Amino acid sequence: EDKMNNVTLTTLEDEKKYVVLDEIQGTNKYVYLLDPEDEENMTIRKEILKDNEKYLQGLNDDNEFTEAITLYQQKNA
């Protein structure tokens, strides 16, 4: 995770750096990410804690996706 000009970047499993757009706590803490090289490429991960380390993990199912999208829409309406 890098911080540049008040922008937080994180690297995902595809080895690309993504801009952290937002983080919202729901059932999980959802992290909303944008590919700075392709602004139509947005992805959502959830933050998990494993062995006292924070990791970003893909969403498990449609229920998590629906919750993540709903939280984002409510916050940014």
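Note that the structure is a prediction, hence the values are computed from the model and not measured.
With sequence neighbours excluded, no residue satisfies salt bridge (charged side-chain N to carboxylate O under 4.0 Å, His left out) with Glu67. For Asp14, the side chain to side chain donor-acceptor pair (under 3.5 Å) test picks out Tyr18, with sequence neighbours left out. With sequence neighbours left out, Lys75 forms a salt bridge (charged side-chain N to carboxylate O under 4.0 Å, His left out) with Asp22.
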Assess the residue pair Leu33 and Val19 against the criterion (side chain to side chain contact (heavy atoms under 4.5 Å, CB included)); give the C-alpha distance rounded to whole Å, side-chain angles, the decisive distance to 0.1 Å, and a yes or no.
CA-CA 5 Å; Leu33 304 163; Val19 175; over 6 Å; no
Could you walk me through whether Leu9 and Thr11 satisfy the side chain to side chain contact (heavy atoms under 4.5 Å, CB included) test, starting with their C-alpha distance in whole Å, then the side-chain angles of each, then the deciding distance to 0.1 Å, before giving a yes or no?
CA-CA 7 Å; Leu9 299 174; Thr11 305; over 6 Å; no
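Between atom CG of residue Leu34 and atom CG of residue Leu21 there is a gap of 5.0 Å, rounded to the nearest 0.5 Å. For the atom pair CD1 (Ile69) and CD1 (Ile44), the distance works out to 3.5 Å, reported to the nearest 0.5 Å.
Residue pairs meeting the salt bridge (charged side-chain N to carboxylate O under 4.0 Å, His left out) criterion with at least one partner in residues 31-43, sequence neighbours excluded, are Lys16-Asp35. For residues 44-54, the salt bridge (charged side-chain N to carboxylate O under 4.0 Å, His left out) pairs, not counting sequence neighbours, are Glu13-Arg45, Lys29-Glu47, Lys46-Glu64. Legend: ring pair (Phe, Tyr, Trp, His ring centres under 6.0 Å) pairs involving residues 58-77, not counting sequence neighbours, sorted by first then second residue: Tyr32-Tyr72.
Scanning both residues, Leu49 and Asn52, for their nearest heavy atoms gives CD1-C, 3.7 Å. Of all heavy-atom pairs spanning Leu71 and Gly26, the tightest one is CD1-CA, 3.7 Å.
Other residues sharing the hydrophobic cluster of Ile48, ordered by chain and number and joined by side-chain separations under 4.5 Å: Tyr55.
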